[in-house]
Amino acid sequence: MLAGELYLADDPEIAADALRSALLNERFNATSAGDPAARRAALAELLGELGEGAEIRPPLRVDYGHQITVGPRTFVNFGAVFLDVARITIGADVQMGPNVQLLTPTHPIDPEPRRAKWEAAQPITIGDNVWLGGGAIVCPGVSIGENTVVGAGAVVTKDLPANVVAVGNPARVIRKIGEGAEAGPGAS
């Protein structure tokens, strides 16, 4: 699984890891807004790395948690889904709107291995200072370069370079940052 090769998810070691994550995820999502220290402690135990000043608002859903690295000062709004069958690396100063999904799992196209429950995963990398608008979906194996802005509802199926604005399904680059009118404050 960690090598990105096909595996069966009903392996006892994987199931134990998923249970650990589910219990920690449940604890984080149940923390009180009035107790930010407990909230951060639960999140730090769930994730592989949580940068200084990073904030993730519950509810959050993850597969394992320990394969997620969140850089300093990153903000993730409500309803994020980070399926970390493979590594998810989120840089510093990243902004994510509500209901963003980072999805590393893949499944065979051929129906027989898919019916047999084989699956795999590819890592996702989000560069520093990226803004993912609400409801954006990042697919397996995608990297997004620093400073890039991804519009709300976009589905990112291929790598995006640094310093661009991308929108749509599938997401496509519509301009480089610094070209044309700069967007004002947007809903995140």
Side-chain angles (χ1 to χ4, degrees), residues 4 25 28-29 33 36 39-40 43-44 46-106 120-188:
N25 207 152
F28 168 71
N29 287 329
R39 180 171 281 177
R40 182 159 180 90
L43 191 58
L46 174 63
L47 302 181
E49 186 177 322
L50 181 62
E52 185 176 337
E55 179 183 353
I56 299 177
R57 291 182 172 175
L60 169 69
R61 298 285 181 237
V62 303
D63 273 331
Y64 303 103
H66 62 83
Q67 297 213 95
I68 301 169
T69 300
V70 178
R73 300 170 307 281
T74 286
F75 175 78
V76 178
N77 215 323
F78 305 108
V81 175
F82 297 165
L83 300 186
D84 62 319
V85 176
R87 178 160 290 288
I88 296 175
T89 304
I90 302 168
D93 302 300
V94 172
Q95 301 288 315
M96 292 190 196
N99 301 311
V100 166
Q101 298 178 50
L102 306 180
L103 310 174
T104 70
T106 65
Q122 298 173 350
I124 291 174
T125 302
I126 309 295
D128 293 343
N129 202 37
V130 166
W131 176 17
L132 299 177
I137 298 172
V138 180
C139 292
V142 168
S143 291
I144 299 176
E146 66 182 16
N147 303 316
T148 287
V149 175
V150 176
V155 178
V156 186
T157 61
K158 296 182 180 175
D159 291 353
L160 293 174
N163 302 302
V164 298
V165 176
V167 299
N169 180 4
R172 68 191 187 297
V173 174
I174 59 169
R175 67 180 173 90
K176 292 183 179 177
I177 292 178
E179 293 179 356
E182 287 300 310
S188 66

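Just the heavy atoms: all of them, side chains too, but no hydrogens, waters or symmetry mates, feed the values below. Position 1 is the first residue of the sequence, and the numbers go up from there.
Paired with L47 under the rule side chain to side chain contact (heavy atoms under 4.5 Å, CB included), one option of I88, I68, D84, I90 passes, and it is I68.
Note that the OG1 atom of T157 and the CG atom of N169 stand 8.0 Å from one another [nearest 0.5 Å]. From L43, atom CG reaches atom CG of N25 across 9.0 Å, with rounding to the nearest 0.5 Å. To the nearest 0.5 Å, atoms CZ (F78) and CE (M96) are separated by 15.5 Å. In this structure, the separation between CD on E52 and OG1 on T74 is 12.5 Å, given to the nearest 0.5 Å. Rounding to the nearest 0.5 angstrom, the gap separating the CD atom in E49 from the OG1 atom in T89 is 9.0 Å.
The side-chain hydrogen bond (donor to acceptor under 3.5 Å, both in side chains) test applied to T69 returns R87, not counting sequence neighbours. With sequence neighbours left out, the side chain to side chain contact (heavy atoms under 4.5 Å, CB included) criterion links V149 to W131, V165, I177. Residues meeting the side chain to side chain contact (heavy atoms under 4.5 Å, CB included) test with P36, sequence neighbours left out: none.
Taking each heavy atom of V173 and P161 in turn, the nearest pair found is CG2-CD, 4.3 Å. Contact detail for G127 and V130: the closest heavy-atom pair is O-CG2, 3.2 Å. Across every non-hydrogen atom of V85 and P105, the tightest pair is CG2-CG, 3.7 Å. Across all non-hydrogen atoms, the minimal contact from F28 to I56 is CZ-O, 3.2 Å. Closest of all the heavy-atom pairs between I124 and L102 is CD1-C, 3.8 Å. Closest of all the heavy-atom pairs between V150 and A154 is CG1-CB, 3.6 Å.
Side-chain N or O atoms of T104 include none that pairs as donor or acceptor with a backbone N or O of P123 at under 3.5 Å. In this structure, N29 contributes its side chain and L60 its backbone to a donor-acceptor pair below 3.5 Å.
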Exercise. Decide side-chain contact (heavy atoms from CB on, under 4.5 Å) for V167 and R172; before the verdict, give the C-alpha distance in whole Å, the side-chain angles of both, and the deciding distance to 0.1 Å.
Key: CA-CA 6 Å; V167 299; R172 68 191 187 297; 4.0 Å; yes

Practice problem: Apply the test side-chain contact (heavy atoms from CB on, under 4.5 Å) to residues L103 and I137: give CA-CA distance (whole Å), side-chain angles for both, the deciding distance (0.1 Å), then the verdict. | Solution: CA-CA 7 Å; L103 310 174; I137 298 172; 3.7 Å; yes

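Pairs passing the side-chain hydrogen bond (donor to acceptor under 3.5 Å, both in side chains) check and including a residue from residues 140-152, sequence neighbours excluded, read N129-N147, N147-N163. For residues 53-74, the salt bridge (Lys or Arg N to Asp or Glu O under 4.0 Å) pairs, not counting sequence neighbours, are E55-R57, R73-D93.
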